[in-house]
Undergrad: 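One structure follows; several queries about it will come next.
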Number of protein chains: 4
Amino acid sequence: MGVLLRRLIDEGCVSDPESPKGRLLAAAARQFRQKGFSRTTVRDLAAEVGILSGSIFHHFKNKDEILFAVMNEVVIAMEERLQVRLSAATSTRDKVRALIENELQFIHGPTGDATAVLIYEWRALSEPLQQKILERRRAYFKLWHDTLIKAEEEALITVEPDCLRQLLHGAIVWSIHWYQPQGPMPLESLVDQVLSLAIKSE
Amino acid sequence: MGVLLRRLIDEGCVSDPESPKGRLLAAAARQFRQKGFSRTTVRDLAAEVGILSGSIFHHFKNKDEILFAVMNEVVIAMEERLQVRLSAATSTRDKVRALIENELQFIHGPTGDATAVLIYEWRALSEPLQQKILERRRAYFKLWHDTLIKAEEEALITVEPDCLRQLLHGAIVWSIHWYQPQGPMPLESLVDQVLSLAIKSE
Amino acid sequence: MGVLLRRLIDEGCVSDPESPKGRLLAAAARQFRQKGFSRTTVRDLAAEVGILSGSIFHHFKNKDEILFAVMNEVVIAMEERLQVRLSAATSTRDKVRALIENELQFIHGPTGDATAVLIYEWRALSEPLQQKILERRRAYFKLWHDTLIKAEEEALITVEPDCLRQLLHGAIVWSIHWYQPQGPMPLESLVDQVLSLAIKSE
Amino acid sequence: MGVLLRRLIDEGCVSDPESPKGRLLAAAARQFRQKGFSRTTVRDLAAEVGILSGSIFHHFKNKDEILFAVMNEVVIAMEERLQVRLSAATSTRDKVRALIENELQFIHGPTGDATAVLIYEWRALSEPLQQKILERRRAYFKLWHDTLIKAEEEALITVEPDCLRQLLHGAIVWSIHWYQPQGPMPLESLVDQVLSLAIKSE
DNA sequence: TATGAATGAGTCTTCATTCAT
DNA sequence: TATGAATGAAGACTCATTCAT
């Protein structure tokens, strides 16, 4: 368990994956991703962690809150992580690379299920909870925005920053459907390919 | 009504949008996109067309078949249309542009709802019907593949063709979530931006 | 077509089996027997005679009336036929044999479907129509009763007539489930076996 | 509660008639008998037991399983009981009497509803479940067969054993429709009448 | 906290019946 | 008479949620 995760758990932002709540969230992420939120029943979730459906409501007020929790954890982690990576990057080019790498790692790493749910089950979340996630999400988008603005100033990119952000985001997110982390192409290579779309290698 | 559409209707590939069946499909596309397949009830659909829920099953065997029909219409039209565009394009560069333009027009034009459903409600379709759509979809992907192979041969692109196809597809598809056709940026401009990701302007 | 049937048709008691109505009744008898009344849809019936479900209601007021018609035809024919047979029989023993033979022939002959429906779909018929059938049925039971009374007077039977009637009727009716007319045992032989239950051969 | 029933409950073969499941089965037997399986709604059943229709599916997977459970209980009990009776009977004549008495008691005793359902709602049961019942039913038929074979060897009966079995079974089963246990004729008397059909009193 | 029986609103689907053409 | 689209009531079944134990 990394030090970042440790801290997030201690702060109550994410659940200990060993706890019943944490195991429930992992199961939820996996099943929501695979079948979609509305085709996943609380019974399905309960079965996976070995409890009965009624017991779920001791951990979450309702099914909606489970979806929210899944999304919330990943939203927080994603932004925290990106901040760390951006600080570590020296050049603006490396910062752009960090944007891409961070997102691809969340999608294809251990948090992949939750990330996919965040992206594809958005509409399933009730309006008020959507707002809460969106609030958190803004900080993340800001990091993208600021970085790409800098890249534009340095003439690294030609496409308008916000448009580019969306295009890259789309290209990255879609990799859920075709990219195989244990296939022939290593993730770093995919990062480079996406980067090459944004920034012309000299 | 265009001549292509006219022909598709006559061939029975798509439904006349004036017929009850056609109006049902339009409503389905709209609602499936907005709320998702499983959160859309047959009552919702019937209400929009002004019939009772039971009457729906006069036109479709079950809810699944409605989803299938929505997807099927757009899959067929999308490929037919792309074929026409590719034939019209002279240079390989123009052909690549046609790939992008065709998809963006389907997403942001009058068939936008059905196209979004095709992309985002895939998992909601039953396995056997998925196969039938996939069969038809292959021809479309082949057109992309062949065109990008040619582009690679002419050194227009640097990223490996199939990888590039997926990246572009993702970037294009994601525009569902942010691009506004009646906003400040015309669609042609968006086409160019995406094209610029793929092909370095000299 | 026999002379009896001819007369019944002319009198409007049964339908001409060539007419749409007659073909509908034959289909109904067959399907009601096979699947039961409530598991047979009017669509099923319409399909078998090659019309659409709506058209059925030009021939019958409702589904109930179809069941009634099936039962009514066979009830009338059964009694008419029995009367003829009883008149032909000379000895009381032959008359008892006629009771048994008549019922077995209706069950295993061309009217088998309708007869089975009469027996096994009784509860499916609405109360008022049940009464109408019962009215007709009484004459038939009377023939059994009178004959068995005579048999008792002649000391041919030992069991109380009405009780015997029910026991024989049950034994005969159940043959629907096991007796094969084209099997090794000819129907006449079955008649004799049943008769031997009722009347001790000296 | 008899010792046999007690054991069947403990073995899980039949449900405790006090339990919700047991009360549901009793209601089902009664209603399936009275109205037939397909004309009985799960709401009807739930209402009789004082729960809501949705709650039924806590106890049974679907409506079919209820019908199966009703039939299964009686099939098991019927065979167990017959075995006990046959063991107790000393002469072959008494064994034949036991066959008849056992069946008549199941039909007109407290298990009458379930027995009637077993006999008259056979077609309503789905094919795979029919097979499961049939499997259990075979042992019961075997007891009849073996006993009647013995009776034939001792020249007690004249009709071929399997044919006689069906004829008697039919006569017995039909008593559902006319015999009144609390009428003038005691059940033992009915048993004797049926026996007299099979075996000539010397 | 966990259980599991019960709830009750809601879902898809069926089907006899109607009726304008 | 036949059609076939539409009706609308009713059916089986699902499932998030509650709550006494």
Side-chain angles (χ1 to χ4, degrees), chain A residues 19-21 24 37-47 49-67 126, chain B residues 19-21 23-24 37-46 49-67 126, chain C residues 19-21 24 37-47 49-67 126, chain D residues 19-21 23-24 37-46 49-67 126:
Chain A
S19 71
K21 191 162 180 170
L24 213 38
F37 176 75
S38 46
R39 276 177 299 279
T40 302
T41 71
V42 294
R43 270 192 156 73
D44 291 339
L45 297 180
V49 293
I51 58 175
L52 284 173
S53 70
S55 311
I56 284 192
F57 298 92
H58 289 286
H59 301 285
F60 297 96
K61 224 171 62 212
N62 51 40
K63 198 185 166 193
D64 247 50
E65 294 279 354
I66 304 177
L67 180 57
S126 66
Chain B
S19 72
K21 192 162 180 170
R23 290 192 304 132
L24 210 39
F37 176 75
S38 47
R39 278 178 298 281
T40 302
T41 70
V42 293
R43 270 192 162 75
D44 292 339
L45 296 181
V49 199
I51 57 175
L52 284 175
S53 69
S55 309
I56 284 193
F57 299 94
H58 235 273
H59 303 285
F60 297 97
K61 229 173 53 215
N62 50 41
K63 200 185 164 192
D64 244 53
E65 295 277 355
I66 304 177
L67 180 57
S126 67
Chain C
S19 71
K21 191 162 178 169
L24 213 38
F37 176 74
S38 47
R39 278 178 296 280
T40 302
T41 70
V42 294
R43 271 192 154 75
D44 292 339
L45 297 180
V49 293
I51 58 175
L52 282 173
S53 68
S55 311
I56 284 192
F57 298 92
H58 289 287
H59 301 285
F60 297 96
K61 225 171 61 212
N62 51 39
K63 198 184 165 193
D64 247 50
E65 294 279 355
I66 304 176
L67 179 57
S126 66
Chain D
S19 71
K21 191 161 181 170
R23 290 192 305 132
L24 211 39
F37 176 75
S38 47
R39 277 177 299 280
T40 302
T41 71
V42 294
R43 269 192 163 75
D44 292 339
L45 296 181
V49 199
I51 57 175
L52 285 175
S53 70
S55 309
I56 284 193
F57 299 94
H58 236 272
H59 303 285
F60 298 96
K61 229 173 53 215
N62 50 42
K63 202 184 163 193
D64 245 51
E65 295 278 353
I66 304 177
L67 180 57
S126 66

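Every chain is numbered from 1, with letters handed out A, B, ... down the list of sequences.
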Undergrad: What heavy-atom pair brings B:Pro20 and B:Val49 nearest, and what distance separates the two atoms?
TA: O-CG1, 4.5 Å

Undergrad: Identify, between B:Thr41 and C:Thr40, the residue whose nearest nucleotide on DNA chain E lies closer to the 5' end.
TA: B:Thr41

Undergrad: Grab the CZ-P distance between C:Phe60 and F:dA2 for me, whole Å please.
TA: 12 Å

Undergrad: A:Ser55 or A:Ser38: which one's nearest nucleotide on DNA chain F is closer to the 5' end?
TA: A:Ser38

Undergrad: Out of curiosity, D:Asp44 CG to D:Thr41 OG1, how far, rounded to the nearest 0.5 Å?
TA: 3.0 Å

Undergrad: Map C:Pro20 and B:Ser53 onto DNA chain F by nearest heavy atom, then report which one ends up closer to the 5' terminus.
TA: C:Pro20

Undergrad: Among F:dA16, E:dT17, F:dA5, which nucleotide has an atom closest to any side-chain atom of C:Asn62?
TA: E:dT17

Undergrad: Closest to the B:Phe57 side chain: E:dT14, E:dT17, F:dT17?
TA: E:dT14

Undergrad: If pairs are Watson-Crick or G-U with both distances under 3.5 Å, what is the dot-bracket string of DNA chain E, marking crossing pairs with [ ] and pairs to another strand with |?
TA: .||||||||||||||||||||

Undergrad: Answer yes or no: are there more than 12 heavy-atom neighbours, outside D:Arg39 itself, under 6.0 Å from its atom CZ?
TA: yes

Undergrad: Rounded to whole Å, how long is the line connecting atom CG of A:Leu45 with atom C1' of F:dA16?
TA: 12 Å

Undergrad: Assign each of C:Arg43 and D:His58 to its nearest nucleotide of DNA chain E by heavy atoms, then name whichever residue's nucleotide is nearer the 5' end.
TA: D:His58

Undergrad: Identify each donor-acceptor pair in which a side-chain atom of residues 52-61 of chain C lies under 3.5 Å from a protein atom, sequence neighbours left out, and give them as a table.
TA:
{"from": "C:Ser55", "atom 1": "OG", "to": "C:Leu52", "atom 2": "O", "distance (Å)": "3.3"}
{"from": "C:Lys61", "atom 1": "NZ", "to": "C:Glu65", "atom 2": "OE2", "distance (Å)": "3.4"}

Undergrad: When the distance from NZ of B:Lys21 to C1' of F:dG4 is rounded to whole Å, what number comes out?
TA: 14 Å

Undergrad: In whole angstrom, give the distance that lies between atom CD1 of B:Ile56 and atom P of F:dA6.
TA: 11 Å

Undergrad: Among F:dC13, E:dT13, F:dT3, which nucleotide sits nearest the side chain of C:Ile51?
TA: F:dT3

Undergrad: Between C1' on E:dT13 and CG on B:Asp64, what's the gap in Å once rounded to a whole number?
TA: 13 Å

Undergrad: For C:Val42, which contact category applies under a 4.0 Å heavy-atom criterion: base, sugar-phosphate, or nothing?
TA: base

Undergrad: D:Phe37 has an atom CZ; how far is it from atom C1' of F:dA12, in whole Å?
TA: 10 Å

Undergrad: Could you check how far NZ of D:Lys61 sits from P of F:dC15, rounded to whole Å?
TA: 15 Å

Undergrad: Considering non-hydrogen atoms only, spot the tightest contact between C:Lys63 and C:Ser38 and give its length.
TA: NZ-CA, 4.0 Å

Undergrad: Check the distance between E:dC15's P and C:Leu52's CG and give it to me in whole angstrom.
TA: 16 Å

Undergrad: Are A:Thr40 and A:Leu45 close enough that some pair of their side-chain heavy atoms sits under 4.5 Å apart?
TA: yes

